[in-house]
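Before any comments, here is the structure.
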There are 2 protein chains.
Amino acid sequence: MATRQLKLGAFMRPVSLHTGAWRYPGSYADANFNFGHMKRFAQRLEEATFDAFFMADHLAVLNMPPDALKRSHTVTSFEPFTLLSALAAVTERIGLVATGSTTFDLPYHVARRFASLDHISDGRAGWNVVTTSNPDAALNFGLEEHMEHDARYARAREFYDVVVGLWDSFADDAFVRDVEAGVYVNPDRMRRLDHKGPHFSVRGPLNIARSPQGRPVVVQAGASEPGRQLAAETADAVFCAPTKLGEAQAFYADVKRRAAAAGRDPDHIKILPGAFIVVGDSVDEARAKRATLDSLVHVDSGFGSLSTMLGHDVSGFDPDAPLPELPPTNASRSSQDKIMGFARRENLTVRQLAQRVGGYSGLAFVGTPETVADQMQEWLEAEGCDGFNVMFPYLPQGLDDVVDRVVPELRRRGIFRTAYEGRTLREHLGLPRPENRFFPD
Amino acid sequence: MATRQLKLGAFMRPVSLHTGAWRYPGSYADANFNFGHMKRFAQRLEEATFDAFFMADHLAVLNMPPDALKRSHTVTSFEPFTLLSALAAVTERIGLVATGSTTFDLPYHVARRFASLDHISDGRAGWNVVTTSNPDAALNFGLEEHMEHDARYARAREFYDVVVGLWDSFADDAFVRDVEAGVYVNPDRMRRLDHKGPHFSVRGPLNIARSPQGRPVVVQAGASEPGRQLAAETADAVFCAPTKLGEAQAFYADVKRRAAAAGRDPDHIKILPGAFIVVGDSVDEARAKRATLDSLVHVDSGFGSLSTMLGHDVSGFDPDAPLPELPPTNASRSSQDKIMGFARRENLTVRQLAQRVGGYSGLAFVGTPETVADQMQEWLEAEGCDGFNVMFPYLPQGLDDVVDRVVPELRRRGIFRTAYEGRTLREHLGLPRPENRFFPD
């Protein structure tokens with residue numbers, strides 16, 4: 001194919017990750033526990049030939065003040081693995097990516113579930129490797145102290161090695177099922193892992209045949225130094241959160257360079273920034289929709305988020321005045337500067353700023369199908385990304401807008417597929433099927 | 001309803017739990033990793049208004065000699081939780097029971113997944129609480145020594161308490177979703193568990209709304225003294241493996257008595273023995289089918305199983321002669337006596353005996369639809385059980401025989417439903433929806 005093509009994932013929270021979304025007119029506020037809605041979303045995304053449906057996750061009801069907690073739809077929802085397994089049965093092509101924590105789960109369980117999902121979905125499973133940085137999760141798993149950052153990454157690296165080794169327990173041709181001879185599986189084509197490392201001791205073999213993709217697609221999202229390195233060595237796709245093209249280009253070049261240095265083909269690691277897309281008939285209408293959405297973030301939760309980000313309690317400020325100058329605090333100076341610069345640039349009151357950061361404050365494309373496609377195309381062509389992990393402002397309308405209006409525009413430009421080229425998620429992403437480490441072809 | 005009704009579960013391994021089944025003519029030998037076959041089985045069982053589809057599990061490729069391992073279809077298959085979640089999306093009424101290990105998993109994960117499956121399936125989830133007695137599993141989870149029996153049960157009891165407590169994290173009316181007021185959840189109707197015990201420390205709350213059944217159905221299968229007591233205190237249903245009616249009646253009376261002693265209504269714990277059903281046009285034809293099936297167990301695996309059960313290597317014996325008298329061994333004397341008595345009674349050669357015990361040697365109803373129904377009715381009326389956990393000798397035919405021939409006979413007799421009376425698995429089993437321990441009505 002002549003033109004580079006966008007890869008598109010959908011980064012889903014059932015009601016949207018925007019905290020005001022459940023109050024937006026027409027939203028499915030109960031989607032957290034309504035499988036019918038989730039099925040509709042996945043089937044529409046498949047109609048639009050999205051590469052993958054990605055379910056974000058938390059391992060806790062996040063610890064927030066009751067005034068913020070009571071307004072949040074984001075802290076409770078289906079466990080992602082259960083949900084994606086169910087969606088596998090009612091979709092045929094779209095990839096299904098779930099989060100699996102290397103800090104609070106065990107490699108035999110994780111290897112088994114993802115291999116199983118890959119079999120059930122006929123090659124559409126993806127594992128988003130997360131180290132779970134949320135300290136509230138630790139308290140649900142018997143850990144008083146949250147594991148320190150570098151220790152989490154060391155454990156993640158070993159966890160990954162064990163999982164991938166378990167996925168290779170059987171050669172692709174191990175299951176011979178010779179009825180006449182009475183031989184079901186060839187034991188010479190099965191391998192015990194016998195892993196013994198600092199964090200895990202796992203004998204194996206996995207009790208699952210090698211899966212259709214050989215190995216489920218591995219996704220990473222860490223932006224830190226060890227996170228980037230882990231991704232460059234192990235990931236098939238990287239989710240990231242740059243807010244400007246320059247920043248994205250630097251990240252893109254860095255991860256591709258690291259992958260090449262690790263002996264990999266840089267084209268076999270796809271970089272997918274998160275992008276929040278709001279569509280209108282005009283740019284002004286799209287902006288107005290976003291303003292309406294932000295206005296639905298209750299000030300109590302917005303003030304909480306803003307105070308956290310600034311490291312300063314904002315509840316005493318006049319909500320309808322601009323943000324005053326702040327004294328130095330213990331919070332990250334760069335985070336504070338970023339927020340303050342943003343408030344000045346967009347000329348926001350304290351209330352508006354609180355509602356923006358309390359809702360969603362990352363990369364957003366807000367405009368007509370054409371202007372949104374212009375920005376996506378620019379990022380693709382400027383090597384800021386290989387595609388996007390799209391976030392919808394409210395559901396179902398925000399998703400339908402992308403499916404019905406943006407995707408056709410991307411297709412018209414020849415930068416997004418009009419039909420799935422293959423069957424598996426690896427095929428959608430243009431990734432080879434990995435060789436079995438124990439049974440090379 | 002005037003007559004006591006049978007409750008029927010299907011105890012599934014994808015290819016059958018009989019080790020010769022994959023070689024039986026017409027069998028789906030690849031069902032272990034063929035979702036289409038599993039979907040067909042579940043939908044047919046739902047057509048027959050079975051109470052539940054129960055997926056058995058192992059947490060390891062069992063350690064057996066290569067000569068036996070290579071002939072086994074039972075050591076690899078879908079992870080049950082993934083499978084049942086997928087089946088939830090393509091069925092509407094049948095209960096879905098999966099195994100969750102209290103020894104090798106963690107309560108927050110288990111509580112989350114089963115509550116999630118209960119939401120996705122609209123109230124059809126069941127948790128088979130197992131303590132995992134297989135030492136090969138321990139090696140996949142970093143434990144050199146398998147945990148001792150009583151320690152496993154102590155951990156299981158605490159694990160259960162934590163899971164049930166987490167399921168009750170939210171009152172049924174907690175999620176108010178008041179768009180106008182901007183209140184999504186009422187924090188006064190949410191409860192942190194704050195559990196600290198000898199095995200687990202879990203803060204909570206669970207990040208899942210209370211599920212349709214209030215709590216998924218809890219199943220137990222332990223036959224030991226602590227197993228029976230745990231079941232009597234905690235289980236909604238008990239899977240058991242008596243081989244004779246007298247034995248079943250004694251177990252039934254004992255568990256119901258223990259339940260009453262624990263302050264429970266004995267009718268709210270259902271006793272379901274496993275029953276292997278082979279159907280023919282005549283009793284002789286059914287027996288011939290079973291003999292054919294047993295003959296497909298390769299002698300290598302049969303000899304291994306028989307040697308283990310007798311505590312004596314049988315490989316030197318004449319396979320076509322009767323079993324000779326054995327010297328005393330370290331093996332359980334009662335197990336040895338049982339096998340030897342059985343061999344004499346049925347007049348089996350060593351080969352036939354090896355094939356029988358290597359295939360399946362528990363309770364079996366082998367006959368016409370009428371004689372099978374006679375036996376099931378006798379067990380029900382004599383208070384040997386509340387129903388059965390049916391095992392199919394080979395699939396799909398053995399399942400279709402039960403669905404198409406035995407179930408209509410049971411219905412004709414008025415001892416099995418002709419249509420589902422309710423929506424949830426609790427309703428099928430005649431169990432009340434449990435009160436929330438933190439938010440009583």
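Below, chain A is the first sequence line, B the second, and so on; all start at residue 1.
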Report summary line: Bottom line for A:Leu206: the part with an atom under 4.5 Å from chain B's heavy atoms is backbone
Query raised in the report: Which bit of B:Phe35 is near chain A, if near means a heavy-atom gap under 4.5 Å: side chain, backbone, both or neither?
Result: side chain
**Report entry** Greatest number of heavy atom pairs closer than 4.5 Å to chain B - which of A:His58, A:His195, A:His298
**Finding:** A:His58
Query raised in the report: If you measure from OH on B:Tyr184 to OG1 on A:Thr19, what distance do you get to the nearest 0.5 Å?
Result: 12.5 Å
**Report entry** Rounded distance [0.5 Å steps], CZ in A:Arg203 versus CG in B:Asp136
**Finding:** 4.5 Å
Query - Residue B:Leu106 versus chain A: region with a heavy atom under 4.5 Å - result: side chain
Query - Greatest number of heavy atom pairs closer than 4.5 Å to chain A - which of B:Ile208, B:Asp188, B:Val90, B:Leu87 - result: B:Ile208
Query - Gap separating the CD atom of B:Glu79 from the CD1 atom of A:Ile120, nearest 0.5 angstrom - result: 8.0 Å
Query raised in the report: Given that the side chain runs from C-beta out, which part of B:Asp118 has a heavy atom under 4.5 Å from chain A: side chain, backbone, both or neither?
Result: neither
Report task. Below 4.5 Å from any heavy atom of chain B, which atoms of A:Phe175 appear? Answer side chain, backbone, both or neither. Result -> side chain
Query raised in the report: Side chain, backbone, both or neither: which part of A:Asp178 has an atom under 4.5 Å from a heavy atom of chain B?
Result: backbone
Requested in this report: Over 60° means perpendicular and under 30° means parallel, so classify the ring planes of A:His109 and B:Phe141, tilted if in between.
Outcome: tilted
Report task. Might you point out which heavy atoms bring B:Leu59 and A:Asn207 nearest each other, and give the distance in Å? Result -> C-ND2, 4.0 Å
Report summary line: When the 4.5 angstrom heavy-atom criterion is applied to B:Ala88 and chain A, the contacting part is neither
Query - Residue among B:Ala60, B:Gly36, B:Gly204 with most heavy-atom pairs under 4.5 Å to chain A - result: B:Ala60
Report summary line: With chain B, the option among A:Gly182, A:Ser211, A:Pro187 that has the most non-hydrogen atom pairs under 4.5 Å is A:Gly182
Query raised in the report: At a heavy-atom separation under 4.5 Å, does B:Thr82 approach chain A through its side chain, its backbone, both, or neither?
Result: both
Requested in this report: Quick one: do B:Asn186 and A:Lys70 satisfy side-chain contact (heavy atoms from CB on, under 4.5 Å)? Show the steps, please.
Outcome: CA-CA 6 Å; B:Asn186 179 353; A:Lys70 75 181 182 192; over 6 Å; no
Requested in this report: Would you give the length of the straight line joining atom CG of B:Leu83 to atom CG of A:Leu117, rounded to the nearest 0.5 angstrom?
Outcome: 11.5 Å
**Report entry** Interchain contact, A:Asp57 with chain B, by part (heavy-atom threshold 4.5 Å)
**Finding:** side chain
Report task. Pick whichever of A:Val61, A:Val202, A:Asn140 has the most heavy-atom pairs under 4.5 Å with chain B. Result -> A:Asn140
Query raised in the report: For the atom pair CG (B:Asn32) and NE2 (A:His119), what is the distance rounded to the nearest 0.5 Å?
Result: 9.5 Å
Query raised in the report: Atom OG of B:Ser85 and atom CZ of A:Arg113: how far apart are they, to the nearest 0.5 Å?
Result: 10.0 Å
Query - Region of B:Val299 in contact with chain A, defined by heavy-atom distances below 4.5 Å - result: neither
Report summary line: Okay, B:His73 and chain A: the region with an atom under 4.5 Å from a heavy atom over there is both
Query raised in the report: B:Ala181 versus chain A, heavy atoms under 4.5 Å apart: side chain, backbone, both or neither?
Result: backbone
Report task. Side chain from CB out, backbone as N, CA, C, O: work out which of these in B:Met190 comes under 4.5 Å of a heavy atom of chain A, or both, or neither. Result -> side chain
Report task. Under 4.5 Å heavy-atom distance to chain A, tell me which part of B:Asp105 shows up: side chain, backbone, both or neither. Result -> both
Report summary line: When the 4.5 angstrom heavy-atom criterion is applied to B:Leu166 and chain A, the contacting part is neither
